[in-house]
Each structure stands twice: as structure tokens, then as C-alpha cells.
Amino acid sequence: MTNPSPTPEQAAAVETSGSAPAPADGPATVSGPVPAAPATGSASDDGLVPAPRTTGESRRPTLRSDLRASWPDGLVALLITAAVFVLLYLRIRAKTSSTVTVMPFMADAGGFWMYFLSQAFGWSALLWAWGTVILGLMLSGPRPGRLPMSAPRLERLHRTTSLNTIALIAAHALLFAAELVRHDTASWNSAVATAFVEAFVPGGYDSGTGRIAIPVGQAALYLAIPLGLLFYVRHRIGPRTWRVLHRCVIVVYVLSVWHTLLYGTNVWYDGWFRTSVWLLQLPIAALLLLRLLRPARRSEKLSARPGASAGERTRWALRLGGRLAVVAVVVALVAVVATGRDGGRSVPPKDTSSTHNHD
């Protein structure tokens, strides 16, 4: 005699009896008797064929659903951007900002308000990128015993902060371009074309430190968009390919910090504000080191000795080198924070020219 088929409600109960799906960078762990189908692809990372989808089972996260869920996080980002703008504006008015020293013609706070708004979006973008990386490292590495919210909610927050980071970087760049148009005395068409080249074409901005800093920021923007959106097509490109590409997100963050330290006139000189930027990097470096020392996947662990084949020895050397490099970064960050010096500028540069200056 055959057993009767379970009802849809019973099947759904069995399907959801396991633990929540693992985050994007973590291993799929299941505690229930039946392997739970991953929410983000048609096959799990370990090659198991997922069970058929049942009524009431959660679907794969989509860009549309995450965009709808991102508005609370986006609203907070806008409020913080507004607060940063007010702070920057008041510091310019009081002439306490290093921006006035770097570019004296910007002492007219009312005349360059759009530039300061662009700076405010840039700072918010850096802060949101920082939070996104922190969440990603928490989800992909060894998790603390207590989390402020469930893992699925943290994973969704990781995705929404990523989307809002892209939006903040884009707003930063667009406002910078709009400021260039606003102060260009040429015809409207010519001003828009010039601003587009200077703001969005690598090498187009050819004055002052912007020759290096602007392309670095452009690289961060152009990498953030595809790397942030690849999550929603990872079931098409394969989880392994997606994991490799997703790890490049840290490159976007490094480029963003580099752009800020090179071109952020608020942190132009050595001082507590610039040191605070370095201080924020310590948690990321520490979590990254923990992620490497205690990887979630067994295949990523560093064995005591390299393997016999040349490929195994190469992979072992790369893993060891990566861990040593992160240790060196942590030591360097501690030294910079302790001394307050990173080799940055201590006096105004000789070249303070800018395409903003049309006097």
C-alpha cells in the first residue's frame, strides 16, 4: 500500500522546517529532513537539485522587490545627506573648513551650494558603502552568537543598502556635473557636453588633483553598478561565477575611500577628520581577516602544508599571501590611527586650480 500524498500545507511545512537559506557568500546549511530549495537560484551551490516549489514558498529575491523594500533605508540616507550638507555649509560660512584653504573662491557658500550638496551625497555614499561591506562580511564569515535581526532580514538589508549606495554615488556624480554646467559661461549645449566629459569620461577632468581622483571615483561608479546588480541574475551565470565576481565589491569600496582621501577637500590635510576615515576601515579589515582565517567553506581553508601538485601549491601560496596582506593592512591602519599621520598633505598644494574657478 502506498502512503497518501501530502497536502500543499503539509509539503510547505516540511519545506520550511530547515534553517533559513544561507547568505550570498555563506554555505547552504539545512537542519530539516528535506533539503530546502535555495531562494536565489534553480539549483543550490553544492549541486543538489532543489525540491519542487510549493504554494506559499518564498520566491527568489528580485530587483523590483528589493527596490520596493529599499525606501526606508533610502529615506535614512537622504536625511543623513541633508545633515551632512548643513554641516558642510555651516563650516564654509564660518571658514573653518579646509575646503576654503584648498579653493578660496568657494568661500561663497551660497554660490557653490550645489557642489557642497554633491559632497554631502559623496559622504553618504561612502558611509552606505561601508555599511554594505560590513553586512556582507558578517553574513559571509563566522557569525556572532547574537545578531540584531534574523539572517534573512540582514541579507535583504545588505541588498537594499547596496542599491542605495549605487544611487548615492550616481547622485554625487550627477550633482558634480550639474555644478560644472551651472558655472560654465559657454552655451548650454557646450556646457552640458563639457560637464559630461569631465564628470563621466576617464581623463576628461584635467585640472589639479582631479586628474587622478576623478577617474578613481568613476571606476568605483562603473564597477558598483554591474557588481551590485549581478545578484539578480546569478541563477543565470551560476553561483560559482557570481561568488568570484561578488568578491570584487571590496575593490569598489577601496576605490571609493581612495577617491575620498585624494579629492575630499574636507579631509585634505592630516587631522582628526582624515584620521576618522582611516578609523572606519579597521572594522572592515578585522572582519575580512576573520573571514579569511575562518572561512565558511571547507575548500577555502588554509591547510598546514601545500598540496603535491603545482596548482595546489599555487592556490595555497595565494591564500597565505592574502592572509598576510590583510594582517599588514590591519597593522598599518592601527599605526595611522595611533599617530594621526598617513603621509597626506600638511600644507596647501601649489596647484589649487579647478574648473569651478571661472574668475
Sub-3.5 Å donor-acceptor pair from the side chain of [X] to the main-chain atoms of [Y], do we have one?
X    : Y    : result
S256 : V252 : yes
N164 : S70  : yes
H259 : V216 : no
S118 : H172 : yes
H158 : L135 : no
R341 : V336 : no
W130 : L280 : yes
Q218 : A199 : yes

Minimum heavy-atom distance [X]-[Y], with the two atoms named:
X    : Y    : answer
T160 : L157 : OG1-O, 3.0 Å
L261 : W278 : CD1-CZ2, 3.3 Å
P61  : F231 : CB-CE2, 4.0 Å
T165 : T132 : OG1-OG1, 3.5 Å
V326 : A285 : CG1-O, 3.7 Å
A177 : A195 : O-CB, 3.5 Å

Could you give the distance from [atom1] ([X]) to [atom2] ([Y]), rounded to the nearest 0.5 Å?
X    : Y    : atom1 : atom2 : value
I284 : L289 : CD1   : CG    : 13.5 Å
S124 : I169 : OG    : CD1   : 11.5 Å
T314 : L318 : OG1   : CG    : 6.5 Å
N266 : S97  : CG    : OG    : 5.0 Å
L168 : I80  : CG    : CD1   : 9.5 Å
W128 : T161 : CH2   : OG1   : 9.0 Å

same_hphob_cluster([X], [Y]) at 4.5 Å side-chain heavy-atom cutoff:
X    : Y    : value
V201 : I214 : yes
L245 : L139 : yes
V329 : V327 : yes
V76  : L87  : no
V267 : W272 : yes

Contact check, side chains of [X] and [Y], non-hydrogen atoms, under 4.5 Å:
X    : Y    : value
L63  : L163 : yes
L117 : Y89  : no
P283 : I134 : yes
F121 : L78  : yes
Q119 : F85  : no
W258 : Y263 : no
L227 : H246 : no
L287 : M138 : yes

- Task: Give me the other members of the hydrophobic cluster that W188 sits in, counting Ile, Leu, Val, Met, Phe, Trp and Tyr linked by side-chain heavy atoms under 4.5 Å, directly or via other members.
- Result: V181, V192

- Query: CG of L320: more than 12 outside heavy atoms within 6.0 angstrom?
  - Reply: yes

- Item | Of all pairs that satisfy salt bridge (charged side-chain N to carboxylate O under 4.0 Å, His left out), the ones with a partner from residues 62-71, not counting sequence neighbours | D66-R156, D66-R159

- Task: Hey, could you give me each pair passing salt bridge (charged side-chain N to carboxylate O under 4.0 Å, His left out) that has a residue in residues 80-99? Not counting sequence neighbours.
- Result: none

- Given the rule in the ring pair (Phe, Tyr, Trp, His ring centres under 6.0 Å) test, do F105 and F112 qualify, once you have shown the distances and angles that lead to the verdict? CA-CA 9 Å; F105 58 90; F112 292 95; 5.7 Å; yes

Would you please indicate if the ring centroids of [X] and [Y] are separated by under 6.0 Å?
X    : Y    : answer
F273 : W123 : yes
Y222 : F200 : no
Y115 : H183 : no

- Task: Applying side chain to side chain contact (heavy atoms under 4.5 Å, CB included), run through Y253 and L126 and close with a yes or a no.
- Result: CA-CA 8 Å; Y253 181 74; L126 183 63; 4.2 Å; yes

- Please assess T62 against S65 for the test side chain to side chain donor-acceptor pair (under 3.5 Å), listing each intermediate value before the final yes or no. CA-CA 5 Å; T62 64; S65 65; 3.1 Å; yes

- Item | Audit row: R236, W242, side chain to side chain contact (heavy atoms under 4.5 Å, CB included) steps and yes/no | CA-CA 9 Å; R236 297 183 182 275; W242 178 81; over 6 Å; no

- Assess whether side chain to side chain contact (heavy atoms under 4.5 Å, CB included) is satisfied between T265 and M103, documenting all intermediate values. CA-CA 9 Å; T265 53; M103 294 181 286; 3.7 Å; yes

